[in-house]
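So you know, we letter chains A, B, ... as the sequences are listed, proteins then strands, and number each from 1. These numbers come from the heavy atoms of this one structure, side chains and all, not from hydrogens, waters or symmetry mates.
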There are 2 protein chains.
Amino acid sequence: MTTRERPTLEAVARRAGVSRATVSRVVNGSTTVAAGIRDAVNQAVDELGYVPNQAARSLVTQRTDSIALILPETANRVFSDDLFFPAIIRGVGMELEAADKQLVLMMTGSEAGHHRVERYAVAGHVDGVLFASIHGADPLPGALAQRGIPVVCSGRPMSDGPQVPYVDVDHAGGVAAAVRHLVAAGRRRIATIAGPQDMVAGLARLAGYRDTLRQAGLPELVAQGDFTRDSGIAAMRDLLDRDPSLDAVFAASDLMAHGALQTLRAAGRRVPDDVAVIGFDDFDISRYSDPPLTTVRQPIAESGRTMAQLMLRLIAGDEDVPESVVLPTELVLRESA
Amino acid sequence: MTTRERPTLEAVARRAGVSRATVSRVVNGSTTVAAGIRDAVNQAVDELGYVPNQAARSLVTQRTDSIALILPETANRVFSDDLFFPAIIRGVGMELEAADKQLVLMMTGSEAGHHRVERYAVAGHVDGVLFASIHGADPLPGALAQRGIPVVCSGRPMSDGPQVPYVDVDHAGGVAAAVRHLVAAGRRRIATIAGPQDMVAGLARLAGYRDTLRQAGLPELVAQGDFTRDSGIAAMRDLLDRDPSLDAVFAASDLMAHGALQTLRAAGRRVPDDVAVIGFDDFDISRYSDPPLTTVRQPIAESGRTMAQLMLRLIAGDEDVPESVVLPTELVLRESA
DNA sequence: TTGTATGCGTTATCAC
DNA sequence: GTGATAACGCATACAA
């Protein structure tokens with residue numbers, strides 16, 4: 001391991017026979033430098049393998065050109081078979097890469113992790129903070145915003161603290177379309193497997209289900225899940241116990257819908273003949289389930305891109321960044337309903 | 001969003017009626033400060049919400065107190081049902097948290113991402129770089145090391161560039177134990193589903209299989225996989241086609257073993273009566289498969305912890321950090337073999 | 001035990 | 001177009 005000294009601007013300047021200021025200009029792509037000198041400097045940079053010291057640069061520019069994406073979950077939770085986080089990351093990553101910003105991923109499953117992130121951001125390690133999801137009335141986004149740090153959330157924050165820009169999808173519209181589709185098909189005992197009630201996505205989809213059923217004058221039947229497949233399996237069993245005559249299920253996530261399909265099959269119910277099933281997400285795997293899953297498509301990667309775009313505008317000092325962006329959802333009809 | 005000015009050391013000093021140096025001492029936990037003054041400073045810090053500017057601090061200390069963990073994969077690959085990365089992250093995370101270092105996660109599936117990481121590290125954003133896995137003869141670890149940046153890899157690097165400290169597990173020993181167990185049980189047509197051959201883990205496990213079979217005087221039968229469940233399904237089909245009389249399979253990953261179980265069941269073979277199956281990893285889910293999977297346990301989280309420990313020692317300037325650490329593996333007997 | 005003075009490597013504001 | 005020079009916010013050797 002060669003612990004070579006890191007070359008500084010000064011070293012490059014000496015080698016190229018110019019001043020530090022000129023080197024700085026070349027490195028930062030200023031156009032007011034003579035071509036000959038520019039080439040000489042670039043050559044010196046290459047020869048020495050010069051890379052600007054980020055700390056020194058940040059100190060004066062007040063920028064780091066990197067942005068944190070917070071995954072408020074433990075490693076195990078993040079790396080489950082849930083494809084939500086990967087899609088968010090992909091969307092954010094593409095957009096930031098195009099803007100030449102570095103994406104810094106942080107997981108904050110623990111309380112301590114939470115506090116670390118706050119210090120990390122306030123210490124100026126990153127120019128802004130993106131939240132991939134929010135649990136309950138998490139005060140962190142608001143706290144950071146109040147510190148003057150640009151923040152964008154995925155999903156409307158439930159905190160009643162300072163308002164923070166967010167990107168969300170039209171949960172209510174998507175759920176309404178799904179439930180109406182079931183009603184129109186003549187289903188009368190329509191159950192739901194709800195998502196976690198400490199997240200807006202869980203709350204909003206359950207509310208959408210209730211509203212739509214009420215309008216249709218039909219009774220509700222709710223089981224609780226947490227978006228995972230296992231919880232879908234258990235919730236479906238619960239539902240069958242409580243009302244063996246049910247003829248449709250709306251699951252608040254694709255994974256729970258897959259779990260429901262599994263339980264229904266084990267219970268000898270045919271889908272969709274006996275029981276219709278609709279999910280929410282439209283993950284790739286839902287095209288290949290048995291039967292292929294009818295589901296509400298939400299544009300997750302697009303949501304990530306939008307978050308990144310808002311962030312870039314905030315950082316650029318754009319005054320009229322929208323308080324929120326709500327992306328459309330869409331019912332995708334396949335064979336399960 | 002209140003864009004309050006961030007307080008500096010100077011502001012705290014004024015408020016507490018002391019010099020900047022004293023504030024700095026208190027903030028950094030120096031013991032040579034009078035209790036009364038210490039309290040006054042701490043109070044001022046709290047009132048102002050002071051957090052040291054990381055850029056300024058790094059500039060003088062040459063440290064950032066954060067460490068990068070590189071996942072050389074795309075988001076989709078990282079967030080599959082593979083539990084390897086979560087375990088590595090958990091191990092690294094625990095150790096770094098205890099040392100009060102910030103973990104920065106970076107995914108470098110693309111070539112561009114690769115280059116970004118190099119610049120990020122060389123620019124001094126992090127004190128060291130951990131690689132969660134290595135594909136082929138990746139030159140990046142060596143390149144960083146040559147720049148004087150502490151690097152630790154998971155798995156022996158295949159590059160013949162500069163040597164880099166690494167943590168690995170005893171692939172050969174584990175595989176040998178597994179294959180010998182099959183031989184001792186009277187199995188004579190022992191196939192393997194190999195892992196990707198651009199990774200040491202894939203290579204070493206295949207080599208271990210071959211060596212042990214040769215010693216036993218038995219013929220080999222190899223199908224190719226990439227550690228995923230799907231590849232295990234396909235490879236098992238391939239194996240059954242090529243030799244319907246096979247009576248055992250060693251899969252180089254638990255997921256591939258699960259895929260194999262699935263294929264065998266579909267083909268009407270009983271496990272372990274007709275075909276014995278052994279995996280490699282010992283993920284939690286392998287306790288609950290049907291039948292429970294006999295497998296080679298590798299201590300993944302422990303491996304992550306060890307990587308972090310080596311890194312902390314490197315950063316601390318420890319002279320005699322071992323070139324490599326090889327952790328033991330262990331055959332875990334359950335019902336599939 | 002506390003304060004003063006210096007420098008870390010860069011960018012930006014000036015003159016030239 | 002180019003070169004001095006002053007910040008940026010902090011830690012630390014040295015003085016007191």
Side-chain angles (χ1 to χ4, degrees), chain A residues 4-42 44-45 48-66 119-125 127 147-148, chain B residues 4-42 44-45 48-66 119-125 127 147-148:
Chain A
R4 199 164 36 178
E5 285 287 292
R6 271 214 271 153
T8 75
L9 208 57
E10 174 69 34
V12 177
R14 262 202 314 271
R15 181 165 195 119
V18 297
S19 74
R20 296 194 327 242
T22 298
V23 176
S24 177
R25 290 191 189 99
V26 173
V27 168
N28 291 291
S30 164
T31 50
T32 71
V33 178
I37 293 206
R38 177 160 31 80
D39 294 345
V41 170
N42 279 327
V45 165
L48 267 45
Y50 170 74
V51 174
N53 177 311
Q54 184 57 46
R57 173 178 275 174
S58 298
L59 192 54
V60 44
T61 61
Q62 310 277 35
R63 292 180 300 98
T64 65
D65 291 325
S66 46
R119 280 191 68 88
Y120 191 78
V122 173
H125 254 119
D127 296 340
R147 287 278 200 163
Chain B
R4 198 165 36 180
E5 286 287 292
R6 270 212 272 153
T8 75
L9 206 58
E10 174 70 33
V12 178
R14 261 201 314 272
R15 181 166 195 118
V18 298
S19 74
R20 295 193 331 236
T22 299
V23 177
S24 176
R25 291 189 189 99
V26 173
V27 168
N28 291 291
S30 165
T31 50
T32 69
V33 177
I37 293 204
R38 176 157 34 78
D39 294 345
V41 170
N42 279 326
V45 165
L48 267 44
Y50 170 75
V51 174
N53 177 313
Q54 184 56 46
R57 174 177 272 178
S58 296
L59 193 53
V60 43
T61 61
Q62 308 277 36
R63 291 182 299 100
T64 65
D65 291 325
S66 46
R119 278 192 69 88
Y120 191 78
V122 173
H125 254 120
D127 296 340
R147 287 277 199 166

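Between B/R20 atom CZ and C/dA5 atom P the separation is 10 Å, expressed in whole Å. One interatomic measurement links the two molecules: CZ of A/R63 to P of C/dT10, which rounds to 15 Å at whole-angstrom precision. If you measure from atom CZ of B/R57 to atom P of D/dC8, you get 19 Å, rounded to the nearest angstrom. Between the CD atom of B/E10 and the P atom of C/dA5 there is a distance of 13 Å, given to the nearest Å. The distance from atom CD of A/Q54 to atom P of C/dC8 is 19 Å, rounded to the nearest whole Å.
Taking 4.0 angstrom as the limit, A/N28 places a side-chain polar atom (N or O) nearer than this to OP1 or OP2 of C/dT11. Proximity of B/T22 to the phosphate of C/dG3: a side-chain N or O atom is located under 4.0 Å from OP1 or OP2.
Note on A/T8: only backbone sugar-phosphate atoms sit closer than 4.0 angstrom, heavy atoms only; bases stay farther off.
For A/N53, the side-chain atoms get nearest to C/dT10 when compared with the rest of D/dA11, C/dT10, C/dT2. For B/L59, the side-chain atoms get nearest to C/dC8 when compared with the rest of D/dC10, C/dC8, C/dT10. If you check C/dT10, C/dT2, C/dG3 against the side chain of B/V33, the one that comes closest is C/dT2. Of the candidates C/dA12, C/dG9, C/dT6, C/dA12 carries the atom nearest the A/A21 side chain, counting heavy atoms from C-beta on. Nearest nucleotide to the side chain of A/Q62, out of C/dG9, D/dG9, D/dA11: D/dG9.
At a cut-off of 3.5 angstrom, counting only N and O atoms as typed in the model, there is a donor on one side and an acceptor on the other between the side-chain of B/R25 and the base of C/dG3. With hydrogens and angles left out, the side chain of A/R6 and the base of C/dG9 share no donor-acceptor pair within 3.5 Å.
Remark on DNA chain C: of its neighbouring residues B/T32 and A/V60, the 5'-side contact belongs to B/T32, judged by nearest-heavy-atom nucleotide.
With hydrogens and angles ignored, the 3.5 Å screen pairs no side-chain donor or acceptor of A/R57 with any backbone N or O of A/Q62. Formation of a donor-acceptor pair under 3.5 Å by the A/D127 side chain with backbone atoms of A/D65 is found in this model. Side chain of A/N28 to main chain of A/S30: no donor-acceptor pair is present (N/O by atom type, distance under 3.5 Å, no hydrogens or angles). Side chain of B/S58 to backbone of A/A55: no donor-acceptor contact under 3.5 angstrom is found.
Taking NE2 of B/H125 as the start and NE2 of A/H125 as the end, the distance is 6.5 Å to the nearest 0.5 Å.
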